[in-house]
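Small disclaimer: the values here were computed from a predicted structure and weren't measured. These numbers come from the heavy atoms of this one structure, side chains and all, not from hydrogens, waters or symmetry mates.
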Number of protein chains: 2
Amino acid sequence: MTTRQLDNIDKSILRALQQDASLSQRELADKVGLSQNSCWRRLTRLREDGVITGQTVRLDMQAVGLDLTVFAMVRTRHHSAEWLERFRKSVLAIDNVIDFFRIAGDYDYMIKIVARDMNDFDRVYQRLIKENELEAVTSYIAMEAIADSRNVPA
Amino acid sequence: MTTRQLDNIDKSILRALQQDASLSQRELADKVGLSQNSCWRRLTRLREDGVITGQTVRLDMQAVGLDLTVFAMVRTRHHSAEWLERFRKSVLAIDNVIDFFRIAGDYDYMIKIVARDMNDFDRVYQRLIKENELEAVTSYIAMEAIADSRNVPA
DNA sequence: AGTGAAACCGCACTTTG
DNA sequence: CAAAGTGCGGTTTCACT
C-alpha cells in the first residue's frame, strides 16, 4: 500500500530478480553495481515494503502437461452484490483459472484457463456455466503461446 | 522436450515451489515428506529435465506503478509468412506485453499489456497500430484484477 | 554426516545531497 | 545533518558431496 518511490537501482534489482531470482547476493550486488551489504538492505526493504511479494518457479507447461490455454470472455446476467460474490468464489475455486479480471466493454470478465487437453477444458467450461447463470461466454482457444508471463518492465 | 512422467511427489514439489520458491531444501523436504537428500536429487532432475525452467519474483503491480492491465484482441489483415514474422517481432519488442497468444476464433491474437496509466497504454496502442496494418483491435480495459498469474495446478 | 560456501547482520567509516 | 553506501568482521544456515 505504501506507494514507495523506486529509484533506478531498485528497478534494476527488480529486473535482475525477475529474470533470475536464484541469483546469489554477491552476483546480484555485482550486477546492479552495489556492495553486497547495501544491496541486501535494499532487497530486505523491497520485501518489507511489499514490492516483492514472493518468489516462484517458472514451469514448462508442456512438461507439466498443461499446454492448452483458453481465454474465456464472460458476460454475466445478474448484477446483485451477492450474485457477483458467489460468481467470484465459484471461479476462484477452479484451480485451472490462472487470470481472472473484471473488464470494461461488451464482456464483463476475462478468464485465462489452463488445461491438460480439450476434455479437461470442457470439464472446466461445463462447471463454469453450470454453477453460474451467464449470459454469454466466448472461448478463444490458444493455438500458440508466442509469449507467456513475460517479465514486467520495472 | 523429454515428456517425462511426473509422479505425485514431483507434483507436490512443484506445488510447494510455486507457492514459495524461497523454501530451503530442508523445509521443502519436510513439506513433501522426503529426506533432504532424495528431495534434492528430485529437484535437480526437475531442473535438468526442463520441467522447472527458472525462478522469478512476484511483484506488487501497484507498487511498481503498473496497475493498468489491458487485453487487446487483434485481427490481422495480412497473412503472409513474412508479414506475420514482422508482426511478432514488432509485438515482442514492446516490453509492456506480458502475454502474446495466437488464438482461434473471430480474432487472431490476444495480447495482455500492462501500463502505468491510460496515457502509457495509449502510447503502446498507437505504436501497435502504427507499426502493423491491422484489421481490428478490441481493447478490454481491466477494471479489477481478481486473480493475476495464479499457480498452475501441477 | 561433513564441509565449504553463502546468507545474514552488526559496526565503524565514507560519501552524497 | 541525514540518508545511503562501503568494507570488514563474525555467526548461522544452507547446498551439495
Side-chain angles (χ1 to χ4, degrees), chain A residues 1-61 63-64 149 151-154, chain B residues 1-67 116 149 151-152 154:
Chain A
M1 274 302 104
T2 335
T3 313
R4 155 146 175 258
Q5 203 56 21
L6 304 174
D7 64 14
N8 289 332
I9 301 178
D10 286 324
K11 287 179 181 175
S12 75
I13 290 176
L14 296 181
R15 259 183 273 117
L17 287 182
Q18 271 194 102
Q19 203 183 16
D20 183 6
S22 73
L23 248 44
S24 76
Q25 305 267 13
R26 190 181 44 74
E27 289 169 321
L28 180 62
D30 286 352
K31 191 158 286 198
V32 303
L34 277 178
S35 77
Q36 212 162 327
N37 198 334
S38 54
C39 186
W40 172 80
R41 274 199 317 257
R42 273 181 188 262
L43 191 51
T44 304
R45 287 200 52 205
L46 285 168
R47 279 197 266 255
E48 283 172 353
D49 295 354
V51 180
I52 296 175
T53 58
Q55 203 162 325
T56 46
V57 285
R58 279 192 215 276
L59 300 182
D60 183 304
M61 288 306 203
V64 296
S149 305
N151 296 341
V152 305
Chain B
M1 276 298 106
T2 336
T3 314
R4 156 150 172 253
Q5 203 56 21
L6 304 173
D7 64 16
N8 288 334
I9 301 178
D10 286 325
K11 287 179 182 176
S12 73
I13 290 176
L14 296 180
R15 260 183 272 117
L17 287 181
Q18 271 194 102
Q19 202 183 16
D20 182 7
S22 73
L23 249 44
S24 75
Q25 304 268 15
R26 189 181 45 73
E27 290 168 320
L28 180 63
D30 287 352
K31 191 158 285 198
V32 303
L34 240 51
S35 80
Q36 210 162 329
N37 204 326
S38 56
C39 186
W40 174 81
R41 273 200 310 265
R42 274 181 189 263
L43 191 50
T44 303
R45 286 203 53 206
L46 286 168
R47 280 198 266 255
E48 283 173 353
D49 294 354
V51 179
I52 296 174
T53 57
Q55 204 162 323
T56 47
V57 285
R58 278 192 216 276
L59 301 182
D60 183 304
M61 288 308 203
Q62 205 147 6
V64 296
L66 289 164
D67 50 347
R116 320 211 140 268
S149 304
N151 296 340
V152 304

Nearest-Å distance for atom pair CG/P, residues A:Asp7 and C:dG17 = 13 Å

ask   = For DNA chain C, whose closest nucleotide is more 5', that of B:Asn37 or that of A:Arg26?
value = B:Asn37

note = Atom CG of A:Leu17 and atom P of C:dA7 are separated, to the nearest Å, by 12 Å

Ion pair check, A:Arg42 and A:Asp7, cut-off under 4.0 Å = yes

query = Tell me: CD1 of A:Ile13 to C1' of D:dG5, nearest whole Å?
reply = 12 Å

query = Between C:dC8 and A:Gln25, is there an OP1 or OP2 to side-chain N/O distance shorter than 4.0 Å?
reply = yes

task = Please check the phosphate of D:dA4 (OP1 and OP2 only) for any side-chain N or O of A:Arg41 closer than 4.0 Å.
result = no

ask   = Given atom CZ of B:Arg47 and atom P of D:dC16, what is their separation to the nearest angstrom?
value = 7 Å

query = If you take all heavy atoms of A:Ala16 and A:Leu28, which pair is closest and at what distance?
reply = CB-CD1, 3.8 Å

note = Rounded to the nearest 0.5 Å, the CG atom of A:Asn151 sits from the CD atom of A:Gln19 at a distance of 7.0 Å

key: Value in whole Å for how far the C1' atom of D:dC16 lies from CD of B:Glu48   = 13 Å

inquiry  = OP1 or OP2 of C:dA6 versus the side-chain N and O atoms of A:Ser24: is any pair under 4.0 Å?
reply    = no

query = Quick one: A:Leu34 CG to C:dT15 P, roughly how many Å, whole number?
reply = 17 Å

key: Phosphate OP1/OP2 of D:dA15 contacted by B:Trp40 side-chain N/O (<4.0 Å)   = no

message = Just the rounded figure in Å: distance from P of C:dA6 to CG of A:Asp30.
response = 12 Å

message = Just the rounded figure in Å: distance from P of C:dC9 to CZ of A:Arg45.
response = 16 Å

message = For A:Trp40, is there any backbone N or O sitting under 3.5 Å from a side-chain donor or acceptor partner on A:Gln25?
response = no

